[in-house]
Structure formats: C-alpha cells, structure tokens
Amino acid sequence: MKSSSNEELENNNAWSKVLLARKITRFRSLEMIKNVFDSFIPLHGDRGIGDDKSIIGGIALLNHQAVTIIGQQKGNTPREMEYHQYGMTKPEGYRKSLRLMRQAEKFRRPIICLIDTPGAFPGVLAEENGQAEAIARNLYEMANFTVPIVSIIIGEGGSGGALALGVANRVFMMENAVYSVVSPEGCASILCKDSRKAPDMAGNLKVTARDLKNYGVIDEIISEEGTNEVIFNRIKQNINKELLRCSQLNGEEVRKERIEKFRKIGSEITFTQYDTRVKKS
C-alpha cells in the first residue's frame, strides 16, 4: 500500500498538471495548426444552427497530403476566451465537426483532432438543441469511419466534450495535458460535497498523461521539452509517423483497429474504491 506521503505527492503532481493545462498562455489549436501544417483552409457551420466558435475546422496540407483538421479553440486572452466560449463546444460545434469528418470520409482524407476543452457547453439552450445526441452521434460515427483518425489532447480533455473528438486510431497526449471523465472540482463536489478537495481528487482521477498511458487510455505522450517550435515539430513527426503506419492498412482494417482499441481499454485494470466518508474525530 502506498504511504500517505506518496499519495499526497502524486495528488500534488496531478493538480499541478491540471493548472498547467489550464494556463492562459498555453499554446492553442490555432497556433498549432499554423505551425504544424503547411497550409489551412477553414470551413464553417453545421448547415443547421450556426458556426460554433469553439471549433476550428477545415482542410490542411501536411507534407503535401490533404488532411481534415478539427480543433477546439480556447484563446489566450479574456476577450478571445469569451469569443471561443472557453473551448466549450455546443451541439452545432459537434455537428460541424461531424460534417467535416463525413466530408473527409467521402474524399478519403485522414482526420486530425486537437482536443482542448473543460467540457461540453453546459447551457440550457445547448441541452434543448440536443447536446447529448450530438456527442453520442460523433462517438458512433467516428467508430465506423474507414479513414485514419489521430487525436491529440493538447490541454484540457474534459468529459464527453473531449471524447466526442477522441475516438481515434491513435490518441496522443501532450506531457502537461489532462484527460478525465469529470473535472477535479466536479468530482470533489459530487463525492465529497466540497470543491476545495479538488487537488486531492486530481490524483485519484488519474488525469495525467503518464497514468492514462499506463491504463491504455492513450497511446503516446508527446514531450513538451524545448521551445514551441521544437514541440510543434515533434507533434508533426508523430502525426506523420501515424499516417504512414495507417497508410499500410485498408479502410476496413483501420475501422476494426479503432473499435478493438477502445474495447480493450479497462479490460485488465483493477480499481480500488475511494472512501468518501468523513472521518469522525
């Protein structure tokens, strides 16, 4: 059994990763698109409700190969973050993403998803417009596409809002990113009735890249050592390597590989129960 000091150290490390992932100066999807890809043509709208500003989508070139890019954009200033809804995607954003993915499937373009969201947009109108259905539809259709899908968690990967772009053949995760079914604050509020316990919950949720790779939830960790230029070049190399690997498979093999990958997650993990009871003095 781990000592309490080791558990505390692990929790502190996880919480520090959460804070780094949320840092306002952190690189975002737009910056990554401009520096990783050779050119980019943005496409807009879901052909139904409107154009969700939290989703940047379009067609890009990567070493002369056309790919479809879908990225969740947060922004780096308060004004930008408000404009992009703090990276929280509405139903029209997920439907916009799905429209672009269907287009990619039709024209046989690989799909690259950049994930950075605290979670799906929580507004009443979003629920009335079918937030849950939009996310579920993405999950279902992404599982069955026959073109390669690569997802990269670049900052926060929050709940179903992140998973809606995360059903991929290969899931990469930046070293200081986090990925979780719920935020540490949300978990603390639900289990402990006290959001101030969020730092403790971060460790128990196993939100870090290292933990998630150990559990098989993600495939590779991309180091953030060096300048942004070095990091972007590292990301480009990883995408290129994965697209080259997938080019050796036919469409049906790509689809089956993706489905099997997600079926295996959690199959060999033994979970321990977290005791939320308040200890009496």
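Values below: every heavy atom of this structure, side chains too, minus hydrogens, waters and symmetry copies. Computed from a prediction, not measured in an experiment: that's the story for all the values here.
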Backbone N or O of [Y] within a donor-acceptor pair of the [X] side chain at under 3.5 Å?
{"X": "Asp219", "Y": "Phe172", "answer": "no"}
{"X": "Glu156", "Y": "Ser180", "answer": "no"}
{"X": "Arg22", "Y": "Gly155", "answer": "no"}
{"X": "Arg28", "Y": "Gly75", "answer": "yes"}
{"X": "Arg258", "Y": "Phe145", "answer": "yes"}
{"X": "Asp38", "Y": "Asn63", "answer": "yes"}
{"X": "Lys197", "Y": "Cys192", "answer": "no"}
{"X": "Ser151", "Y": "Leu165", "answer": "yes"}
{"X": "Asp46", "Y": "Lys96", "answer": "no"}
{"X": "Arg234", "Y": "Ser223", "answer": "yes"}

query = Is there a side-chain contact (heavy atoms from CB on, under 4.5 Å) between Val217 and Met173 once you walk through the steps?
reply = CA-CA 10 Å; Val217 176; Met173 189 167 173; over 6 Å; no
Between [X] and [Y], is any pair of side-chain heavy atoms under 4.5 Å apart?
{"X": "Pro148", "Y": "Glu242", "value": "no"}
{"X": "Ile33", "Y": "Leu114", "value": "yes"}
{"X": "Arg109", "Y": "Val67", "value": "no"}
{"X": "Lys261", "Y": "Val171", "value": "yes"}
{"X": "Val18", "Y": "Pro184", "value": "yes"}
{"X": "Asn144", "Y": "Arg255", "value": "yes"}
{"X": "Lys236", "Y": "Leu62", "value": "yes"}
{"X": "Ile70", "Y": "Ile55", "value": "yes"}

Does any donor atom in the side chain of [X] or [Y] lie under 3.5 Å from an acceptor atom in the other side chain?
{"X": "Glu252", "Y": "Thr146", "result": "no"}
{"X": "Gln65", "Y": "Asn240", "result": "no"}
{"X": "Ser195", "Y": "Ser189", "result": "no"}

request  = With sequence neighbours excluded, tell me which residues meet side-chain hydrogen bond (donor to acceptor under 3.5 Å, both in side chains) with Ser29.
outcome  =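 Ser29 satisfies side-chain hydrogen bond (donor to acceptor under 3.5 Å, both in side chains) with no other residue.
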message = Taking atom CZ as the centre, does Arg263 end up with more than 12 heavy-atom neighbours from other residues, nucleotides or ligands that are less than 6.0 angstrom away?
response =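 No, the 6.0 Å shell around CZ holds no more than 12 heavy atoms from other groups.
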request  = Could you tell me whether Glu253 atom CD has more than 12 heavy atoms of other residues or ligands within 6.0 Å of it?
outcome  =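 Count over threshold, so yes.
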ask   = Does Ile149 share a hydrophobic cluster with Val167, counting links as ILVMFWY side-chain heavy atoms below 4.5 Å and allowing steps through other members?
value =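 Result: yes, single cluster for both.
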request  = With salt bridge (charged side-chain N to carboxylate O under 4.0 Å, His left out) as the test, would you mind laying out the steps for Glu133 and Arg95 before giving the verdict?
outcome  = CA-CA 10 Å; Glu133 187 278 335; Arg95 293 181 180 124; 3.1 Å; yes
Assess whether a salt bridge exists between [X] and [Y], defined as any Lys/Arg side-chain N lying under 4.0 Å from an Asp/Glu carboxylate O.
{"X": "Asp116", "Y": "Arg26", "result": "no"}
{"X": "Glu260", "Y": "Lys264", "result": "no"}
{"X": "Arg245", "Y": "Glu257", "result": "yes"}
{"X": "Lys23", "Y": "Glu224", "result": "no"}
{"X": "Glu220", "Y": "Arg170", "result": "no"}
{"X": "Lys213", "Y": "Asp211", "result": "no"}

ask   = Is the charged tip of Lys90 near the ring of Phe121: under 6.0 Å from the six-membered ring centre and within 45° of its axis?
value =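 Checked: cation-pi criterion met.
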side-chain contact (heavy atoms from CB on, under 4.5 Å) between Phe37 and Ile239, worked out = CA-CA 10 Å; Phe37 300 91; Ile239 296 174; 4.1 Å; yes
request  = Check the pair Ile59, Leu43 against side-chain contact (heavy atoms from CB on, under 4.5 Å), reporting the backbone distance first and the verdict last.
outcome  = CA-CA 8 Å; Ile59 303 170; Leu43 300 173; 4.1 Å; yes
inquiry  = For a quick test of reading the model, state the closest non-hydrogen atom pair linking Ala143 to Ile259 and the distance between them.
reply    =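 Scanning both residues, the minimum pair turns out to be O-CG1, 3.6 Å.
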